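Owing to the predicted nature of the structure, the values given are computational and were not obtained by experimental measurement.
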Amino acid sequence: MEEGYKRDVLIHHLMAACGGFIGVYAIVSRMGVFGSAQTANLIELVCDILGRDPLEISYRIVALSIYIGAMILFVFLEKRTDWNVKLFSVLADLAAVAVCGFIPQEVNPFVALYPVFFATSFQWCAFKGAGEYVSATIFSTNNLKQTVTAATEALLSRGDEGARRKKAEKALFFGGTLACFHLGVAAGYGFWLLWGVRSIWACALPLAACGLLVQGQVRAAALQVR
């Protein structure tokens with residue numbers, strides 16, 4: 001059980017690094033558009049509707065539809081098929097980074113990030129955390145909150161060693177996710193300075209490593225069933 005949890009944490013943290021890599025690529029390569037989330041897109045969609053900009057509205061609606069469609073596909077695959085959704089997510093990410101590197105800089109940033117909208121939405125659903133901890137690998141706001149609150153609670157639980165240890169473990173998990181995400185950001189930005197829009201291809205290496213780890217989990221689970 002402990003070994004399985006450690007592997008889950010390793011995979012989760014590695015995918016967080018990939019999430020940071022893809023996230024910074026979207027921002028620096030595609031005019032500040034964050035392809036991993038929809039908050040800014042929905043806010044700007046409302047502004048476009050009020051400003052009556054049909055073309056921008058259409059770009060954003062398609063992006064939202066792709067993001068939602070990935071969530072629907074995840075639920076369908078998880079509930080109605082035997083496919084491993086984590087492995088599918090890694091493959092979707094690999095396809096997205098491969099395609100995005102070929103899209104010219106002058107293409108509308110929302111159109112250029114359509115593959116990212118799909119892949120990161122599916123990743124958010126597939127990689128939910130490890131053990132009892134629910135954590136996103138494609139953005140970091142909640143991971144920051146959980147790290148700070150758990151660390152503070154650990155400091156305030158000095159009279160209860162069991163509670164203190166539990167909160168410290170939680171802070172380490174979320175803090176590790178936060179750190180890995182931003183290590184991915186740093187790596188992604190460094191590659192972008194060297195290669196520009198094609199820098200996204202470098203993310204294939206950690207994604208491939210994560211795919212191998214997930215495949216190892218699948219084989220281990222199959223052996224246990226036998």
Side-chain angles (χ1 to χ4, degrees), residues 8-41 43-44 63 67 70 86 89-103 105 109-110 112-130 133-151 170-211 213-214:
D8 285 345
V9 171
L10 175 60
I11 291 172
H12 183 81
H13 285 170
L14 187 54
M15 285 305 295
C18 295
F21 196 116
I22 294 171
V24 73
Y25 169 83
I27 289 174
V28 299
S29 296
R30 304 298 176 180
M31 297 178 63
V33 177
F34 187 40
S36 301
Q38 284 295 300
T39 303
N41 181 34
I43 290 173
E44 293 177 8
Y67 205 84
K86 288 186 175 181
S89 177
V90 172
L91 294 174
D93 280 357
L94 284 168
V97 301
V99 171
C100 283
F102 286 109
I103 299 176
Q105 184 74 60
F110 267 87
L113 290 176
Y114 283 166
V116 169
F117 282 117
F118 176 87
T120 54
S121 175
F122 199 97
Q123 180 181 330
W124 187 18
C125 295
F127 291 91
K128 304 172 184 177
Y133 304 126
V134 178
S135 167
T137 58
I138 61 170
F139 42 72
S140 57
T141 304
N142 188 60
N143 291 323
L144 175 63
K145 172 196 168 186
Q146 296 294 343
T147 301
V148 173
T149 56
K170 181 178 179 181
L172 285 173
F173 171 78
F174 283 99
T177 304
L178 193 65
C180 288
F181 181 88
H182 288 93
L183 284 173
V185 170
Y189 186 68
F191 279 108
W192 178 77
L193 291 174
L194 293 173
W195 300 339
V197 294
R198 292 182 175 83
S199 61
I200 191 68
W201 289 340
C203 193
L205 292 176
L207 283 171
C210 195
L213 289 171
V214 172

In Å and rounded to the nearest 0.5 Å, what is the [atom1] to [atom2] distance from [X] to [Y]?
X	Y	atom1	atom2	result
Thr149	Asn142	OG1	CG	8.5 Å
Ser140	Phe181	OG	CZ	5.0 Å
Cys100	Ile103	SG	CD1	4.5 Å
Leu178	Lys145	CG	NZ	14.0 Å
Cys210	Leu10	SG	CG	8.0 Å
Phe191	Leu205	CZ	CG	7.5 Å

Can you give me the closest heavy-atom contact between [X] and [Y], atom names plus distance?
X	Y	result
Phe21	Ile200	CE2-CA, 4.1 Å
Phe122	Ser89	CD2-CB, 3.6 Å
Gln123	Met15	NE2-O, 3.2 Å
Val116	Gly35	CG1-O, 3.7 Å
Ala37	Phe117	O-CE2, 4.1 Å
Ala96	Ala119	CB-CB, 3.7 Å

Inter- and intrachain pairs under side chain to side chain donor-acceptor pair (under 3.5 Å), touching residues 189-207, at least two apart | Ser29-Trp192
Who passes side chain to side chain donor-acceptor pair (under 3.5 Å) against [X], sequence neighbours left out?
X	answer
Tyr67	none
His13	Thr177
Lys86	none
Thr120	none

Side chains of Tyr25 and Arg30: closer than 4.5 Å at any heavy-atom pair?
-> yes
From Leu14, Ile138, Asp8, Val90, residue fulfilling side chain to side chain contact (heavy atoms under 4.5 Å, CB included) relative to Phe127 | Val90
side-chain contact (heavy atoms from CB on, under 4.5 Å) between Thr137 and Cys18, worked out = CA-CA 8 Å; Thr137 58; Cys18 295; over 6 Å; no
Any chance the side chains of His12 and Ser135 put a donor and an acceptor closer than 3.5 Å?
-> yes
Asn143 and Gln146: side-chain donor and acceptor closer than 3.5 Å?
-> no
Hey, what's the ring geometry for Phe174 with Tyr133, parallel, tilted or perpendicular (30° and 60° as the breaks)?
-> perpendicular
Evaluate the criterion side-chain contact (heavy atoms from CB on, under 4.5 Å) for residue pair Thr147 and Phe173; output intermediate values, then yes/no.
-> CA-CA 8 Å; Thr147 301; Phe173 171 78; over 6 Å; no
State which residues pass salt bridge (charged side-chain N to carboxylate O under 4.0 Å, His left out) with Lys128; sequence neighbours excluded, sorted by chain then number.
-> Glu78
